[in-house]
Amino acid sequence: MLNIEHYSKTYPGGHKAVDDLSLHVLPGEIYGFIGHNGAGKTTTLRAVAGVLDFTQGHIRIAGHDIQAEPVAAKKVTAFLPDNPDLYEFMKGIDFLNFIADLYDIPADQRTRDIGTYADAFELTGNLGSPIGSYSHGMRQKLALISAFIRRPKLLVLDEPFVGLDPAAAYVLKEQLAQLCQAGGAVFFSTHVLEVAEKLCHKIAIIKNGRLVKCGPTQQVVGDSDLESVFLELEGERA
């Protein structure tokens with residue numbers, strides 16, 4: 001589903017944010033991307049989403065090269081940054097219909113899916129209100145709904161659990177699992193290591209722009225836990 005091959009990103013001034021990263025996310029997998037602040041996680045996610053250019057390596061989504069076939073790759077991808085930009089003057093339902101229009105989602109499908117996800121995230125009663133009146137958690141729920149209604153093959157999320165209450169976090173975990181059961185895949189970053197350990201089929205840990213450990217979650221964790229593994233690797237950096 002997602003193939004990253006020898007991807008590197010150097011910013012103006014010579015700072016190499018990501019160095020020769022290769023990893024593969026298969027259909028049906030929830031893949032966690034772990035690292036300290038500044039490790040290169042967001043840079044990588046933005047490159048996968050096609051919003052950050054790069055000159056070294058290749059990124060393919062469902063067989064489509066993100067640079068050579070950006071429209072085809074983005075059609076099967078939904079990306080949510082850690083702080084999604086929402087149009088505050090719009091009502092929640094208007095924003096969801098706007099997204100549905102952009103992705104040519106048929107009327108009957110959008111109505112059904114918006115209803116399903118809004119009910120699941122307990123946001124139905126707020127869709128008629130301006131987004132500017134929403135709390136941070138409500139905005140996160142709306143952004144997540146806007147991603148799910150696209151029925152993406154690949155869902156790319158940057159810190160998706162931030163701002164969600166426990167009930168909404170539980171719903172999100174359920175929806176991610178259902179997406180994967182339907183043949184999709186999830187690639188996401190998080191600092192909530194306990195969630196990553198329980199939810200992810202595979203995990204990759206990045207440090208100073210380089211991949212230092214990856215594989216099936218149980219293999220990465222071993223006889224320890226993800227927090228201990230992460231802290232041990234961070235200690236090697238010190």
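Count residues from 1 along the sequence. Values below: every heavy atom of this structure, side chains too, minus hydrogens, waters and symmetry copies.
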Show which side-chain atoms of residues 78-90 pair as donor or acceptor with protein atoms under 3.5 Å away, not counting sequence neighbours.
residue	atom	partner	partner atom	Å
E88	OE2	R139	NH1	2.8
E88	OE2	R139	NH2	3.2

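- No more than 12 heavy atoms of other residues, nucleotides or ligands sit less than 6.0 Å from atom CD of E227.
- A continuous path of Ile, Leu, Val, Met, Phe, Trp and Tyr side chains, each step under 4.5 Å between heavy atoms, connects L199 with V171, placing both in one hydrophobic cluster.
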Please test I205 against L211 for side-chain contact (heavy atoms from CB on, under 4.5 Å), starting from the C-alpha separation and ending with a verdict. CA-CA 6 Å; I205 300 176; L211 187 66; 5.9 Å; no
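- In this structure, F161 has no ring pair (Phe, Tyr, Trp, His ring centres under 6.0 Å) partners at least two apart in sequence or on a different chain.
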One pair to check against side-chain contact (heavy atoms from CB on, under 4.5 Å): D65 and H58. What are the steps and the verdict? CA-CA 7 Å; D65 188 287; H58 297 279; 3.5 Å; yes
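- By the salt bridge (charged side-chain N to carboxylate O under 4.0 Å, His left out) test, D113 pairs with R151, sequence neighbours left out.
- Annotation: side chain of L96 is not in contact with side chain of R110 (no heavy-atom distance under 4.5 Å).
- When every heavy atom of A185 is checked against every heavy atom of P27, the shortest pair comes out as CB-CA, 4.4 Å.
- A salt bridge is defined here as a Lys NZ or Arg NE, NH1 or NH2 lying under 4.0 Å from an Asp or Glu carboxylate O, and D94 with K91 fails to meet this definition.
- Residues S22 and I4 fail the side-chain proximity criterion, which asks for heavy atoms closer than 4.5 Å.
- Heavy-atom minimum distance, I30 versus C180: CG1-SG, 3.4 Å.
- Scanning both residues, V220 and V229, for their nearest heavy atoms gives O-CG2, 3.7 Å.
- For the 3.5 Å distance criterion, the side chains of N126 and S129 fail to qualify, holding no donor opposite an acceptor.
- Although no hydrogens or angles enter the test, the distance criterion places a donor-acceptor pair under 3.5 Å between the side chain of K41 and the main chain of G35.
- Taking the side chain as every heavy atom from C-beta outward, I206 and I34 never approach each other to under 4.5 Å.
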side-chain contact (heavy atoms from CB on, under 4.5 Å) between L144 and L164, worked out: CA-CA 11 Å; L144 287 165; L164 295 181; 4.0 Å; yes
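- Residues T42 and D158 bring a donor and an acceptor atom of their side chains to less than 3.5 Å of each other.
- Between F98 and F95, the angle of the ring planes lies from 30° to 60°, which puts this pair in the tilted group.
- Residue H24 forms a side chain to side chain contact (heavy atoms under 4.5 Å, CB included) with just one option from R60, M1, E5, and that option is E5.
- Side-chain contact annotation: E159 with H191, donor-acceptor N/O pair under 3.5 Å present.
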Run K141 and D165 through side-chain contact (heavy atoms from CB on, under 4.5 Å) and show every step you take. CA-CA 10 Å; K141 292 178 184 179; D165 56 51; 3.9 Å; yes
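- For residues 184-204, the salt bridge (Lys or Arg N to Asp or Glu O under 4.0 Å) pairs, not counting sequence neighbours, are E29-K202, E194-K198.
- At least one test fails for K9 against the ring of Y7: distance under 6.0 Å to the centre or angle within 45° of the axis.
- No single ILVMFWY cluster, assembled from side-chain heavy atoms under 4.5 Å apart, contains both L155 and L45.
- Minimum interatomic distance between G28 and H201 (heavy atoms only, all atoms of both residues): O-CE1, 3.4 Å.
- Hydrophobic clustering, with ILVMFWY side chains joined whenever heavy atoms are under 4.5 angstrom apart, groups L157 together with I99.
- Side-chain contact check for T44 versus I59: every heavy-atom pair is 4.5 Å or farther apart.
- Here the side chains of P152 and T77 are not in contact, with every heavy-atom distance at 4.5 Å or above.
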Pair F33-F188, ring-ring contact (aromatic ring centres under 6.0 Å, His included): steps then yes or no: CA-CA 6 Å; F33 198 38; F188 79 104; over 10 Å; no
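- Not counting sequence neighbours, the partners of Y117 by the ring pair (Phe, Tyr, Trp, His ring centres under 6.0 Å) test are F148.
- Between the side chain of K207 and the backbone N or O of L233 there is at least one donor-acceptor pair closer than 3.5 Å.
- Using a 4.5 Å cut-off on side-chain heavy atoms (C-beta onward), Q67 and D53 make contact.
- Nearest heavy atom pair, residue C214 against residue Y31, reads CB-OH, 3.8 Å.
- Q178 places no side-chain N or O within donor-acceptor distance of the main-chain N or O of A182, the cut-off being under 3.5 Å.
- Using a 4.5 Å heavy-atom cutoff, the side chains of V192 and V162 are not in contact.
- In plain terms, the two heavy atoms of Q175 and A120 that are nearest each other are NE2-CB, 4.0 Å.
- In this structure, L154 and V76 have side chains that are not in contact, with every pair of non-hydrogen atoms separated by 4.5 Å or more.
- Under a hydrophobic clustering in which Ile, Leu, Val, Met, Phe, Trp and Tyr are joined whenever their side-chain heavy atoms come within less than 4.5 Å, directly or via other members, M138 and L172 fall into the same cluster.
- Looking at residues two or more places apart in sequence or on another chain, you find no ring pair (Phe, Tyr, Trp, His ring centres under 6.0 Å) involving Y134.
- No donor-acceptor pair closer than 3.5 Å links the side chain of S228 to the backbone N or O of S224.
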Side chain to side chain donor-acceptor pair (under 3.5 Å) for D119 and T124? Distances and angles first, verdict last. CA-CA 6 Å; D119 285 347; T124 302; 2.5 Å; yes
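- Looking at T43, its side chain never comes within 3.5 Å of a backbone N or O of G40 through a donor-acceptor pair.
- Under the 4.5 Å side-chain heavy-atom criterion for ILVMFWY residues, a single connected hydrophobic cluster contains both V48 and V18.
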